[in-house]
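Here is the structure we will look at, set down as C-alpha cells.
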Amino acid sequence: MAGRYPQATWRIGVTMAEGVIYKALSGFYYVESEGSKTQCRARGKFRLENISPLVGDRVAFAETEPGVGIITTILPRKNTFVRPPVANIEKMVIIASAAIPVTDPYLIDRMTAIAQKNGCQSIICINKLDLDPAERLYDTYCAAGFETVRTSAETGEGLDTLSACIKGAICAFTGNSGVGKSSILNMLDPQFGINVGQISKKLGRGRHTTRHVELFKLDCGALIADTPGFSAFDTDSLTKKEDLQHLFPDFEPYIGQCRFLDCAHINEPGCKVLEALADDKLQKTRWDSYNRLYKQALEYKQWEHK
C-alpha cells in the first residue's frame, strides 16, 4: 500500500505511505505497511474532531524517522465496533463449543446478527471436536446457510479448513470464554504465544486471557483480531425491530410473503416465517434467538424514549 503517495509529502522531505494499524497501546499506534512496521502517534486534529484511530484502520502516515511516524489520515472504514474498538472487519469467526463450556446458540445468533449488520461474513467455528462432535450445532448452522467448520485445537483437526476460510481477510475471533480462541490461534501459528487461561471447573467457563485488541498476521495473509468474549461486543440497540428480520439471512426467502406487511414473525396469522418454522425449513433455535432479540429491541426503544 505504500506506493499510493509516492510523490506526496506531509511536510517538506517527509514521504507519505499507507498501512494498517495492527496494535494500539498507550497512545501509540503500530502500523504495518508492505512488511515494515512503524510506531506512530496520531495527529492532534483527530482528538479535536473526537476521532480515534482503531486497530484495523487503513491509514496514511508520515515516517518522521526510521521506524517512527505520525498518522495523518484515516481512510474510509468498512465498519467500526465500539467494544472492542476495531475497524474494517471482513469476517467474524465465531468460536463455539458443545463441550465444557457449552455455547448457548443465542450467543452465536447474536454475533451473526451483529456481523450481518456490519457487513461481515460470519464463519461458525465449532471447537473441541475431540471432546464432542457437536452434530446438532453443526447441522443447525449449515442449514441456516453459514460457513461452518469443526476444529480441535488439541489435535489440529479442521484447522487447515479454517485457515482457508479466512485467507487474506481481516477477521475478528470471538466466542464465550473458554471455547479455545487463543488455543486455536496458537495452533494456527505457534509464534503468537498467546497465554491460554485454564477452564474453571467450578464455573464451567474460562477466564479472560486477552487484555487488548491486536491484529496477528498468519502465513495465509489473514489478519486476526483476538478479542474478549461475547459480552464485550457492543450489542446495545442492535437494530430497529423492523430491521432485525434482515439480520437473519435464513429468513429472507419468507420476508415480504406474510399476510401483513408489518409482520413481526412472532405470533401473527399468515406469517410465512412461522409456517417455515412449523415445516422444519427453519431452525427452532434460530427463531428463538430472533424472538429474544426482537423483545430486547422493543425494550430498548421504550427506554430510549423515556
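The side-chain heavy atoms of F146 and I108, taken from C-beta on, include no pair separated by under 4.5 Å. Side-chain contact check for Y290 versus I266: some heavy-atom pair is nearer than 4.5 Å. Counting only heavy atoms from C-beta outward, the side chains of D189 and F216 never approach each other to under 4.5 Å. The shortest side-chain heavy-atom distance between D109 and Y141 falls under the 4.5 Å cut-off. Side-chain contact check for N118 versus I89: every heavy-atom pair is 4.5 Å or farther apart. In this structure, the side chains of C271 and Y254 stay at 4.5 Å or more apart for every pair of heavy atoms. The side-chain heavy atoms of L282 and W287, taken from C-beta on, include no pair separated by under 4.5 Å. Looking only at side-chain heavy atoms (C-beta outward), E32 and V20 stay at 4.5 Å or farther from each other.
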Give the C-alpha distance, both sets of side-chain angles, the deciding distance and a yes or no for side-chain contact (heavy atoms from CB on, under 4.5 Å) between I114 and M111. CA-CA 5 Å; I114 292 171; M111 290 311 306; 4.0 Å; yes

Hey, mind stepping through D132 and K128 against salt bridge (Lys or Arg N to Asp or Glu O under 4.0 Å) and telling me if it holds? CA-CA 6 Å; D132 191 311; K128 304 193 178 184; over 6 Å; no

Evaluate the side-chain contact (heavy atoms from CB on, under 4.5 Å) criterion for residues L54 and V86: first the C-alpha distance (whole Å), next the side-chain angles of each, then the deciding distance (0.1 Å), finally the verdict. CA-CA 5 Å; L54 299 174; V86 292; 5.8 Å; no

Would I166 and L218 count as a side-chain contact (heavy atoms from CB on, under 4.5 Å) here? Give the steps. CA-CA 10 Å; I166 62 177; L218 297 181; 3.7 Å; yes

Full working for side-chain contact (heavy atoms from CB on, under 4.5 Å) between Y138 and I124: CA-CA 9 Å; Y138 180 79; I124 313 301; over 6 Å; no

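Atoms CG and NZ, on D219 and K167 in that order, are 11.5 Å from each other to the nearest 0.5 Å. For the atom pair NZ (K295) and CG (L244), the distance works out to 13.0 Å, reported to the nearest 0.5 Å. M92 CE to F173 CZ: the interatomic distance, rounded to the nearest 0.5 Å, is 12.0 Å. Between atom CZ of residue R110 and atom CD1 of residue I94 there is a gap of 11.0 Å, rounded to the nearest 0.5 Å. Annotation: the span from R43 atom CZ to I74 atom CD1 amounts to 11.5 Å, rounded to 0.5 Å. How far CD of Q257 is from SG of C263: 11.5 Å, rounded to the nearest 0.5 Å.
Under the 4.5 Å side-chain contact rule for hydrophobic residues, M187 and L129 do not share a cluster. Both L293 and L107 are part of a single hydrophobic cluster, where members link through side-chain heavy atoms under 4.5 Å apart. Note: the hydrophobic cluster containing I51 also contains V59 (ILVMFWY, side chain heavy atoms under 4.5 Å, direct or indirect links). By the rule that hydrophobic residues join a cluster once side-chain heavy atoms approach within less than 4.5 Å of another member, V68 and F61 end up as members of separate clusters.
For the pair R41 and F28, the cation-pi test (distance below 6.0 Å, angle within 45°) is passed. Seen from the ring of Y30, K23 counts as a face-on cation partner, given the 6.0 Å and 45° thresholds. A cation-pi arrangement is absent between K217 and Y22 under the rule of less than 6.0 angstrom and at most 45 degrees off the ring axis.
At a cut-off of 3.5 Å, with distance as the only test, no side-chain donor of N127 or S97 sits close to an acceptor on the other residue.
Ring geometry for F251 against H265 counts as perpendicular: the plane angle is over 60°, on a 0 to 90° scale with 30° as the lower cut.
Pairing each heavy atom of Q245 with each of E242, the nearest pair is NE2-O, 3.2 Å. In this structure, P101 and S177 approach most closely via the heavy-atom pair CG-O, 3.3 Å. When all heavy atoms of P76 and N88 are compared, the pair lying nearest together is O-OD1, 4.3 Å. When all heavy atoms of I21 and L215 are compared, the pair lying nearest together is O-CD1, 3.4 Å. In this structure, F81 and N79 approach most closely via the heavy-atom pair CE1-OD1, 3.9 Å. Nearest approach of T112 to S122, heavy atoms of both residues: CA-OG, 3.6 Å.
Judged by distance alone, the side chain of K78 and the main-chain N or O of G119 form a donor-acceptor pair under 3.5 Å. The backbone N or O of T285 lies less than 3.5 Å from a partner atom in the side chain of S289, making a donor-acceptor pair. Side chain of T72 to backbone of A60: a donor-acceptor contact under 3.5 angstrom is found.
Legend: salt bridge (charged side-chain N to carboxylate O under 4.0 Å, His left out) pairs involving residues 250-275, not counting sequence neighbours, sorted by first then second residue: D250-R286, K272-E275. Applying the salt bridge (charged side-chain N to carboxylate O under 4.0 Å, His left out) rule to pairs touching residues 139-162 yields E135-R150, sequence neighbours excluded. Note on residues 66-77: pairs passing salt bridge (charged side-chain N to carboxylate O under 4.0 Å, His left out), not counting sequence neighbours, are D57-R77.
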